[in-house]
Amino acid sequence: MEWTTLAGTGIGAVIGVGSTLLADRVRWRRDAAERNHRERRDIYVTCLTRYRQAYEAMHTAAVADRGRDTLDTAVREAFRASGCDEVRESALICAPQELSDVLEDVYTTLRELLEVFAAGDPPLDSPDFQEHRLRHGRAVWAARAAMRRDLERRV
């Protein structure tokens, strides 16, 4: 047998194995990037959804006909039951720093609303309350925009 045939067969095998390994690596990276993208999107959606649920639950507790003593407890329990603290931690761990800062802004405005709802002051129909609500709304919109930018650049 000639050595050139043997060498050609060996080189062909090396090229075949190498191209297969390279294709598998590219596919693995693409799948990992897609999985990461889906996980981030799910965390972001869950985070904003829980924040919204916390707001709605606190608002409902605040407008219910309660005495001053039970108002604070009801609003704080509504906030705790929403699960937004847990999802906030997940988002802060997984999100890039820019997005973590924006999510913290949303959480801070939500905590401010918690204090307003729990105190019952200012009244919910007052301009002061509306300013708190608008500040929270602006923070949510900024978070959505930052999430979109993050998800778009990762695709």
Side-chain angles (χ1 to χ4, degrees), residues 1-63 72-119 124 128-155:
M1 173 179 247
E2 279 190 44
W3 70 270
T4 56
T5 304
L6 186 58
T9 301
I11 290 172
V14 168
I15 290 172
V17 169
S19 64
T20 300
L21 290 174
L22 180 63
D24 285 346
R25 175 70 176 165
V26 168
R27 187 177 318 111
W28 176 82
R29 290 181 100 186
R30 184 185 63 237
D31 291 347
E34 288 174 6
R35 188 172 46 254
N36 185 4
H37 183 265
R38 275 193 312 275
E39 288 170 358
R40 277 180 184 269
R41 185 189 64 226
D42 292 347
I43 288 171
Y44 296 162
V45 168
T46 302
C47 187
L48 289 180
T49 301
R50 293 283 173 89
Y51 285 178
R52 182 64 188 178
Q53 289 170 340
Y55 173 84
E56 293 295 332
M58 291 186 307
H59 185 269
T60 300
V63 298
D72 182 78
T73 303
V75 169
R76 291 183 191 284
E77 181 54 36
F79 180 82
R80 275 191 295 277
S82 71
C84 65
D85 281 328
E86 294 84 357
V87 77
R88 170 184 166 243
E89 292 302 324
S90 295
L92 293 178
I93 289 170
C94 296
Q97 188 61 47
E98 169 201 341
L99 200 51
S100 294
D101 294 342
V102 173
L103 285 171
E104 273 301 284
D105 290 343
V106 176
Y107 185 78
T108 299
T109 61
L110 188 61
R111 292 294 298 208
E112 289 171 3
L113 284 168
L114 166 67
E115 297 304 325
V116 168
F117 284 135
L124 301 183
D128 287 341
F129 173 75
Q130 293 306 317
E131 183 56 38
H132 284 287
R133 198 173 67 75
L134 288 173
R135 188 173 24 240
H136 177 66
R138 285 190 296 268
V140 169
W141 278 101
R144 286 181 186 136
M147 289 173 182
R148 283 189 201 103
R149 282 191 307 272
D150 181 56
L151 293 172
E152 286 170 359
R153 83 169 159 250
R154 304 240 185 263
V155 176

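In this chain, numbering begins with 1 at the start of the sequence shown.
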K.L.:
Closer than 3.5 angstrom, by distance alone: can the side chain of His37 be matched with the main-chain N or O of Leu151 as a donor-acceptor pair?
P.N.:
yes
K.L.:
Which residue is it: Val102, Val106, Asp105? I am looking for the one with a side chain to side chain contact (heavy atoms under 4.5 Å, CB included) to Val140.
P.N.:
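Of Val102, Val106, Asp105, side chain to side chain contact (heavy atoms under 4.5 Å, CB included) with Val140 is met by Val106 alone.
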K.L.:
Might you confirm whether atom CZ of Arg29 has over 12 heavy atoms from other residues, nucleotides or ligands at distances under 6.0 Å?
P.N.:
no
K.L.:
Once you round to the nearest 0.5 Å, how far does CG of Leu113 lie from OH of Tyr51?
P.N.:
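Rounded to the nearest 0.5 Å, the CG-OH separation comes out at 13.0 Å.
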K.L.:
If you look at every heavy atom in Ala54 and Ser82, which pair is closest and at what distance?
P.N.:
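Smallest interatomic distance, heavy atoms only, reads CB-OG, 3.3 Å.
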K.L.:
Hey, could you give me each pair passing salt bridge (Lys or Arg N to Asp or Glu O under 4.0 Å) that has a residue in residues 44-61? Not counting sequence neighbours.
P.N.:
Arg52-Glu56
K.L.:
Quick one: closest heavy-atom pair of Val75 and Ala118, and the distance?
P.N.:
CG1-N, 3.8 Å
K.L.:
Could you state the interatomic distance from CZ (Arg40) to CZ (Arg35), rounded to the nearest 0.5 Å?
P.N.:
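Those atoms lie 13.5 Å apart.
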K.L.:
I need the minimum non-hydrogen distance between Leu103 and Cys47, along with the two atoms involved.
P.N.:
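Between these two residues, the closest heavy atoms are CD2-SG, 3.9 Å.
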K.L.:
Evaluate side chain to side chain contact (heavy atoms under 4.5 Å, CB included) for Leu124 paired with Gln130, printing each intermediate quantity in order.
P.N.:
CA-CA 7 Å; Leu124 301 183; Gln130 293 306 317; over 6 Å; no
K.L.:
With rounding to the nearest 0.5 angstrom, report the CD to CE distance, Glu152 to Met147.
P.N.:
13.5 Å
K.L.:
Cation-pi between Arg138 and Trp141: NZ/CZ under 6.0 Å from ring centre and within 45° of the ring axis?
P.N.:
no
K.L.:
Regarding Glu115 and Arg76, does a basic nitrogen lie under 4.0 Å from an acidic carboxylate oxygen?
P.N.:
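So Glu115 pairs with Arg76 through a salt bridge.
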K.L.:
How long is the straight-line distance from CD of Gln53 back to SG of Cys84, given to the nearest 0.5 Å?
P.N.:
9.5 Å
K.L.:
Tell me if the centroids of the rings in Phe117 and Phe129 come within less than 6.0 Å of each other.
P.N.:
yes
K.L.:
Hey, what do you get for OH (Tyr44) to OG1 (Thr49), rounding to the nearest 0.5 Å?
P.N.:
14.5 Å
K.L.:
Nearest heavy-atom pair of Ala146 and Leu99: which atoms, and what distance?
P.N.:
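Heavy atoms only, the tightest pair is CB-CD1, 3.3 Å.
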K.L.:
Between CZ of Arg88 and CG of Leu110, what distance do you get to the nearest 0.5 Å?
P.N.:
10.5 Å
